[in-house]
Structure formats: structure tokens, C-alpha cells
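Excluded from the calculations below are hydrogen atoms, water molecules and symmetry mates; all remaining heavy atoms, backbone and side chain alike, are included.
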Amino acid sequence: MNNLILFVNSFLSYLLLMAVIVILAGIAVFIGIKLRKNKNAKVEQMKAATEQEQKA
């Protein structure tokens, strides 16, 4: 019985660790997508400004 309790304790410990890693990875992906969208918007604004300057 003692071995089963130790096994379950270890299993839950690793399960909690995996959950933390998955959450951190999800946050990192969200931040990366947000930064990329901001960069793309900035590039589009600069491209539009350059086109307007060329037309004038």
C-alpha cells in the first residue's frame, strides 16, 4: 500500500509539473502571436506612408 501511495504522489507531482509547462508554453505562444501582429501592423503603416509619399 505504501508503494502505491508513493507512486500516486510521484505521478501527481509530474502531472502538476506538466500542467505548469503547458500553461507557460501557451502564454509564450500568445505573447509571440501578439508581438508578431503588432509588428505586421507597424510594417503595413510604414508601407502605406511610403506609398503616400511616392504619390505626392
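Residues satisfying the side chain to side chain contact (heavy atoms under 4.5 Å, CB included) test with Ile21, not counting sequence neighbours, are Leu17. Residues passing the side chain to side chain contact (heavy atoms under 4.5 Å, CB included) test with Val8, sequence neighbours excluded: Leu4, Leu12. Residues that satisfy the side chain to side chain contact (heavy atoms under 4.5 Å, CB included) test with Ile27, not counting sequence neighbours, are Ile23, Ile31.
Put simply, the side chain of Ser13 never gets that close to the backbone of Asn9: no donor and acceptor are under 3.5 Å apart.
Taking CG from Asn40 and CD from Gln45, the interatomic distance works out to 11.5 Å, rounded to the nearest 0.5 Å. With rounding to the nearest 0.5 Å, the separation of NZ in Lys39 from NZ in Lys42 is 9.5 Å.
At a threshold of 4.5 Å between side-chain heavy atoms, the hydrophobic network of Ile, Leu, Val, Met, Phe, Trp and Tyr places Val22 and Phe11 in one connected group.
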